[in-house]
Amino acid sequence: IFVLVVPGSPAPKLTVTGELRRGPRALAEVRQRRLLRQAEDVFDEPLASDAPLRLISAQGAEPSHLHSRPILGSSPPLVSGLMVTAARPASARLAVECFQRQSYPNREMVIIDDGPTDDLADYVAGLADERIRMVRLASTDKTLGELRNTAVANAHGELVCQWDDDDLSDPDRLWWQVGVLHDSGADACFLERWTILWTDGPRIAIGTRRLWEGSMVARREALIEYPALRRGEDSPVAEAIVIRGTVALLDLPELYIYLVHGNNTFDAAHFDAHWDAATLRVEDPNAYLAHLQNRVPVAQALAAVAGMTS
């Protein structure tokens with residue numbers, strides 16, 4: 001259940017009791033309908049009419065609400081999921097698994113790996129999935145921004161999607177975000193909120209309302225080159241899209257699980273600020289983890305993080 005929070009007020013707690021909460025009714029409806037349709041017909045029906053969408057423009061106009069009607073027929077555009085990774089094979093495997101589970105049919109994954117071992121490359125080779133392409137680099141001192149540019153250069157898709165190696169995506173994430181792009185004509189779709197999971201508690205919160213750069217699905221021609229930064233490299237790219245074009249914000253936090261595990265590019269103080277600014281905090285995280293496990297490999301991710309930090 002999602003509630004309106006007055007700015008400056010304490011974040012309410014989300015209690016999970018009895019039957020687990022399933023998040024926004026719109027998302028639940030989509031999941032229910034997915035049981036009744038074939039993958040190739042993924043865009044032959046409208047999204048739920050109460051889909052929580054907003055459109056922001058470069059002119060600074062007030063956000064407008066969208067009525068989503070993603071009807072693309074049987075030829076939806078190719079989406080390239082772009083992953084940059086190094087020395088996180090266990091977590092990266094789960095991110096790959098989330099990509100393989102996506103309901104959106106026309107997709108590819110490009111993995112840029114400059115880590116010291118071939119563990120992930122061997123895993124990908126064993127999958128024999130022609131949609132996943134591995135670009136193995138010798139260990140370099142390239143920044144994260146430079147490596148993201150390498151991923152874009154190797155992508156074949158009309159649309160590109162940031163797909164980080166230590167986070168989890170719901171199976172319907174691409175279906176929603178690509179549908180929003182088609183319906184709105186926007187240059188990019190970002191999540192307005194996402195789920196943040198601190199693995200050392202665990203603690204779970206629904207993040208503050210903002211444009212979450214890591215959730216980007218964008219038209220390739222709308223991208224600028226990533227700056228050569230080791231962290232925060234995606235913010236200038238998102239800002240440039242907003243300045244030069246139009247962005248759609250989608251408020252379905254369950255589509256993306258961001259893991260805080262101690263080896264993120266930002267430090268603990270950064271994430272403490274996000275906990276303080278959260279719109280919702282989960283009162284019973286273990287029950288909510290069980291709920292999420294129905295859709296994404298959360299338990300496996302926690303185990304991977306434990307191995308990464310031990």
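Values below: all heavy atoms of this structure, side chains included; hydrogens, waters and symmetry mates excluded.
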Colleague: Nearest heavy-atom pair of Ala138 and Asp114: which atoms, and what distance?
Modeller: O-CB, 4.0 Å
Colleague: Establish whether Tyr226 and Leu211 are linked, either directly or via other cluster members, by ILVMFWY side-chain heavy-atom contacts under 4.5 Å.
Modeller: yes
Colleague: Answer yes if the side chains of Asp167 and Tyr256 hold a donor-acceptor pair under 3.5 Å, and no otherwise.
Modeller: yes
Colleague: Restricting to non-hydrogen atoms, name the atom on Leu229 and the atom on Thr143 that form the minimum distance, rounded to 0.1 Å.
Modeller: O-CB, 3.4 Å
Colleague: Looking only at side chains, do Ser91 and Asp166 share a donor and an acceptor under 3.5 Å apart?
Modeller: no
Colleague: Quick one: closest heavy-atom pair of Asp113 and Ala86, and the distance?
Modeller: OD1-CA, 3.9 Å
Colleague: Taking all heavy atoms of Ala222 and all of Asp187, pick out the closest pair and write down the distance.
Modeller: CB-CB, 3.9 Å
Colleague: Within a strict 4.5 Å, meaning less than it, do heavy atoms of the Asp165 and Val84 side chains meet?
Modeller: no
Colleague: Just do the ring-ring contact (aromatic ring centres under 6.0 Å, His included) check on Trp175 and Tyr104 with the steps written out, would you?
Modeller: CA-CA 5 Å; Trp175 188 85; Tyr104 184 83; 9.1 Å; no
Colleague: Cut-off 3.5 Å, side chains only: do Arg193 and Thr279 have a donor facing an acceptor?
Modeller: yes
Colleague: Specify the closest pair of heavy atoms between Pro236 and Ile224, including all atoms of both residues, with the distance to one decimal.
Modeller: O-CD1, 3.8 Å
Colleague: Is there a path of hydrophobic side-chain contacts, each under 4.5 Å between heavy atoms, that joins Val152 and Ile241?
Modeller: yes
Colleague: What is the distance from atom CG of Leu191 to atom OG1 of Thr195, rounded to the nearest 0.5 Å?
Modeller: 9.0 Å
Colleague: If the threshold is 4.0 Å, N to carboxylate O, is there a salt bridge linking Asp118 and Arg136?
Modeller: yes
Colleague: Please report the C-alpha distance between Glu97 and Arg101 in whole Å, then the side-chain angles of each, then the deciding distance to 0.1 Å, and finally whether the salt bridge (Lys or Arg N to Asp or Glu O under 4.0 Å) criterion is met.
Modeller: CA-CA 6 Å; Glu97 179 182 334; Arg101 291 186 182 187; 2.6 Å; yes
Colleague: Roughly how far, to the nearest 0.5 Å, is the CG atom of Leu174 from the OG atom of Ser169?
Modeller: 7.0 Å
Colleague: Do His291 and Glu254 have side-chain N/O donor and acceptor atoms under 3.5 Å apart?
Modeller: yes
Colleague: Can Arg230 and Asp141 be counted as an ion pair, charged N to O under 4.0 angstrom?
Modeller: yes
Colleague: For the residue pair Ile204 and Ile196, establish whether any side-chain heavy-atom pair is separated by less than 4.5 Å.
Modeller: no
Colleague: Should Leu78 and Leu82 be regarded as members of a common hydrophobic cluster, given that ILVMFWY residues are connected when their side-chain heavy atoms come within less than 4.5 Å of each other, either directly or indirectly?
Modeller: no
Colleague: Rounded at 0.5 Å granularity, tell me how far OG1 in Thr150 sits from CG in Leu137.
Modeller: 6.5 Å
Colleague: What distance do Glu158 atom CD and Arg219 atom CZ have between them, rounded to the nearest 0.5 Å?
Modeller: 6.5 Å
Colleague: Would you say that more than 12 heavy atoms from the other residues, nucleotides or ligands in this model lie under 6.0 Å from the CD of Gln293, or not?
Modeller: yes
Colleague: Parallel, tilted or perpendicular, judged at 30° and 60°: which one describes the rings of Trp198 and Trp275?
Modeller: perpendicular
Colleague: Nearest 0.5 Å, please: how far is CG in Leu120 from CZ in Arg93?
Modeller: 7.5 Å
Colleague: For the hydrophobic clusters of this structure (ILVMFWY residues joined by side-chain heavy atoms under 4.5 Å, transitively), does one cluster hold both Met109 and Tyr123?
Modeller: yes
Colleague: Atom CG of Asn294 and atom CG of Leu289: how far apart are they, to the nearest 0.5 Å?
Modeller: 11.5 Å
Colleague: Using a strict cut-off of less than 4.0 Å between a Lys/Arg side-chain nitrogen and an Asp/Glu carboxylate oxygen, indicate whether Glu108 and Arg133 qualify as a salt bridge.
Modeller: yes
Colleague: For residues Phe190 and Trp212, establish whether the separation of their ring centroids is below 6.0 Å.
Modeller: no
Colleague: Could you verify whether a donor N or O on one side chain and an acceptor N or O on the other, from Ser103 and Asp172, lie under 3.5 Å apart?
Modeller: yes
